Structure formats: C-alpha cells, structure tokens
Asker: 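Before we start, here is the structure in question, set down as structure tokens.
All values below come from the heavy atoms of this structure, side chains included, with hydrogens, waters and symmetry mates left out. We count ligands from 1, going down the list as the structure has it; atoms in each ligand are counted the same way. Predicted model only: the values in this text are computed from it and were never measured.
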Amino acid sequence: MGYSVRTIASDEIEAFLRLAIDIRLQSGLRGSPIYAPFSSDEPPRGPSPERIGELRERLAVPTSEGNWFRGFFLVHGRTPVGELTLNGGRLHSERHRGTIGMGLLEGHRGKGLGEQLLSTGIAWAHADPNVEWLDLGVFGGNDRALRLYTRLGFVETGRVVDRFRVDGRKITDIQMSLRLRG
Ligand SMILES: CC(C)(COP(=O)(O)OP(=O)(O)OC[C@H]1O[C@@H](n2cnc3c(N)ncnc32)[C@H](O)[C@@H]1OP(=O)(O)O)[C@@H](O)C(=O)NCCC(=O)NCCS
C-alpha cells in the first residue's frame, strides 16, 4: 500500500481531530520524545461539534482575511496516518503569517514521510501570495522534528525555557520560521 498527501476536506474535520488526538496520545511513549503540551493525567476530550463547526468555517476563510485554517492528510492506502495543519494569524496585522503543526502515527515515522507532508504544506503556502511566513514551535529533545524543519529551511528564532511542564518535566519551546517571500 502506497502513501500520498491530500487536502483535508470539510466533511473530514472530525476524522482529522480524531487522528490528531491519537497522535497526541503517543507523545512521550515507547521511546518517542514529548511533543504534546499535556500530561498523562489530562485525557483529551473528543472533538466537540463546536470545534468541528469552527474549523469547517475557517476552511472557507480566504487567506487574504486571516484566521483561516487549511489541512493535509498523509494517507496510507485510504487511511489517514498523518496530518499537517496551517493556521492563519488571527489578527488583521498578522494575516501574512501562518502557523504549522504536524504529526504522524507512530508506525509511519522515520521513513521520510514527514518530509513529504511538510514539503506539500510549504509548496501550498508558496503558491499563495498572502502567506509570507510560516511559523512553528517544536519541543527541545524532538530531534527528528528539528532536523526535518531545518532541512526544509526553517530557522530558529528563539526559545522559551520551561515553557511547559509535562509530567513534571520542564519543556523548552523552540520557535522556528520560514520566510516564503517579502
Ligand atoms: C516529527 C515527524 C513529523 C517527522 O516525520 P518523519 O517522517 O518521522 O521524519 P522525516 O521525514 O524527517 O524522516 C525521518 C528520517 O527518515 C529517513 N528516511 C528514511 N527513508 C527515507 C526516504 N525514502 N526519503 C527520505 N528520508 C527517508 C530520513 O533520512 C530521516 O532521517 P533523520 O530523522 O535522521 O533526519 C514525525 O516523526 C512525527 O510525527 N513525530 C511525532 C509528532 C511530532 O513530533 N510532531 C512535530 C511536533 S513539532
């Protein structure tokens, strides 16, 4: 079964949120670095109708307006096994920037698929004249993610020590940005 990357459609928002929860639940387990800002005693709530409705609406917001949402699935056969999201800046004054988040289910990591997914997201942003910068945050210790982002051109812009405390561990949040134009 092959892998491919495709956009998340409006009627797939719930499936996307469920996948994101499954990926979050694997953070810090079985040798994985911590990549989610939640401790093990904070179980995720399932996707609420409000959250699904909000993301559906934001999928239709043009990138010229800010607070838009776009997403991509990495699919294995027909099954989504990874996701990448882009969120437009909320304020009018930050609508030239998008924030990226991504994750793959455990069994699909370490094969170059993250690079395939991220390069699709970057190419989408490159093709949109309204998106001039991409930003993301990555936890110190998530070396594979850091290598991937650096390989695709993201540059560290700062770090916040002790930004999160997850199961008693102090997490440094590293901010990275990619300039697309301007
Ligand atoms: C971080 C994450 C998205 C990276 O995706 P990935 O597919 O695992 O990573 P890559 O695309 O960089 O590939 C990983 C490795 O596979 C190697 N690889 C194997 N086969 C490959 C192929 N055919 N083509 C390219 N690379 C290949 C790469 O060299 C790379 O090596 P490296 O990690 O030593 O640099 C993924 O591991 C993940 O989802 N982790 C958990 C969630 C997470 O951390 N999300 C990010 C939060 S900021």
Side-chain angles (χ1 to χ4, degrees), residues 1-8 12-13 15-40 42-44 47 55 69-89 97-126 131 133-167 169-180:
M1 247 189 308
Y3 288 92
S4 57
V5 176
R6 62 174 178 78
T7 52
I8 297 175
E12 295 175 314
I13 293 291
F16 153 68
L17 289 168
R18 291 194 187 284
L19 174 63
I21 288 171
D22 289 344
I23 294 168
R24 167 188 153 178
L25 287 170
Q26 295 175 340
S27 172
L29 297 184
R30 291 179 288 276
S32 154
I34 294 172
Y35 51 79
F38 305 98
S39 294
S40 39
E42 295 178 274
L55 290 182
F69 171 78
R70 303 290 185 274
F72 292 89
F73 275 143
L74 171 74
V75 291
H76 186 219
R78 294 166 62 103
T79 309
V81 295
E83 48 79 19
L84 176 137
T85 56
L86 296 119
N87 284 274
R97 306 187 80 97
T99 302
I100 280 198
M102 68 183 295
L104 314 184
L105 287 171
E106 196 180 86
H108 305 275
R109 298 175 194 159
K111 302 176 180 180
L113 297 163
E115 179 166 339
Q116 201 179 318
L117 185 57
L118 182 57
S119 47
T120 302
I122 293 172
W124 175 87
H126 255 301
V131 188
W133 292 83
L134 291 176
D135 305 308
L136 59 82
V138 52
F139 291 179
N142 193 350
D143 295 337
R144 179 171 276 159
L146 276 160
R147 278 199 300 275
L148 170 61
Y149 300 144
T150 304
R151 197 158 66 234
L152 293 198
F154 283 81
V155 173
E156 181 178 333
T157 55
R159 45 180 73 200
V160 181
V161 174
D162 201 10
R163 172 72 176 82
F164 303 103
R165 293 194 183 174
V166 178
D167 289 321
R169 288 188 47 192
K170 295 178 181 175
I171 305 286
T172 296
D173 191 43
I174 302 169
Q175 285 108 43
M176 303 184 86
S177 294
L178 173 66
R179 184 175 205 149
L180 299 168

Asker: I want to confirm something. Looking only at heavy atoms, which of Ser119, Gly110, Ala145, Gly101 is nearest to atom 14 (C) of ligand 1?
Answerer: Gly110
Asker: Using only atom types and a distance under 3.5 Å, with no angle test, would you say the side chain of Ser27 pairs donor to acceptor with the backbone of Ile23?
Answerer: no
Asker: To which of Gln26, Arg147, Arg151 does the heavy atom nearest atom 10 (P) of ligand 1 belong?
Answerer: Arg151
Asker: Between Glu83 and Arg18, is the closest basic N to carboxylate O distance under 4.0 Å?
Answerer: no
Asker: Main chain of Leu104, side chain of Arg109: is a donor-acceptor contact present, judged purely on distance under 3.5 Å?
Answerer: yes
Asker: Check whether any side-chain heavy atom of Val166 lies under 4.5 Å from a side-chain heavy atom of Tyr35, and answer yes or no.
Answerer: no
Asker: Answer with yes or no whether Glu106 contacts ligand 1, where contact means a heavy atom under 4.0 Å from a ligand atom.
Answerer: no
Asker: Is there any N or O on Glu115 that sits under 3.5 Å from an N or O of ligand 1?
Answerer: yes
Asker: Just do the ring pair (Phe, Tyr, Trp, His ring centres under 6.0 Å) check on Phe164 and Phe38 with the steps written out, would you?
Answerer: CA-CA 9 Å; Phe164 303 103; Phe38 305 98; 8.6 Å; no
Asker: Counting only heavy atoms closer than 4.0 Å, does ligand 1 sit against the backbone of Leu118, its side chain, both, or neither?
Answerer: neither
Asker: For ligand 1, which atoms have a heavy atom of Gly137 less than 4.0 angstrom away?
Answerer: 48 (S)
Asker: Is a donor on one side and an acceptor on the other found under 3.5 Å between the side chain of Glu115 and the backbone of Gly112?
Answerer: no
Asker: Test your reading of the model: is there a side-chain donor-acceptor pair from Thr172 to the backbone of Val161, 3.5 Å cut-off?
Answerer: no
Asker: Any luck finding a side-chain donor-acceptor pair between Asp135 and Thr99 under 3.5 Å?
Answerer: no
Asker: Got an N/O contact under 3.5 Å between Lys111 and ligand 1?
Answerer: yes
Asker: Within a 6.0 Å radius of atom CZ on Arg24, are there more than 12 heavy atoms belonging to other residues, nucleotides or ligands?
Answerer: yes
Asker: So, regarding Gly114 and ligand 1 (criterion: nitrogen or oxygen to nitrogen or oxygen, under 3.5 Å), is there a contact or not?
Answerer: yes
Asker: What protein heavy atom sits nearest atom 13 (O) of ligand 1, and how far away is it?
Answerer: Gly112 N, 3.2 Å
Asker: Which of the atoms of ligand 1 are close to Leu104, meaning less than 4.0 Å from one of its heavy atoms?
Answerer: 5 (O), 7 (O), 38 (C), 39 (O)
Asker: Below 3.5 angstrom, do we get any N/O pair linking Leu148 and ligand 1?
Answerer: no
Asker: Give a yes/no on ligand 1: does Phe139 have at least one heavy atom closer than 4.0 angstrom to it?
Answerer: no
Asker: List ligand 1 atoms under 4.0 Å from Tyr149, heavy atoms only on the residue side.
Answerer: 46 (C), 47 (C), 48 (S)
Asker: To check your reading of the model: name the closest protein heavy atom to atom 44 (O) of ligand 1, its residue, and the distance in Å.
Answerer: Asn142 ND2, 2.7 Å
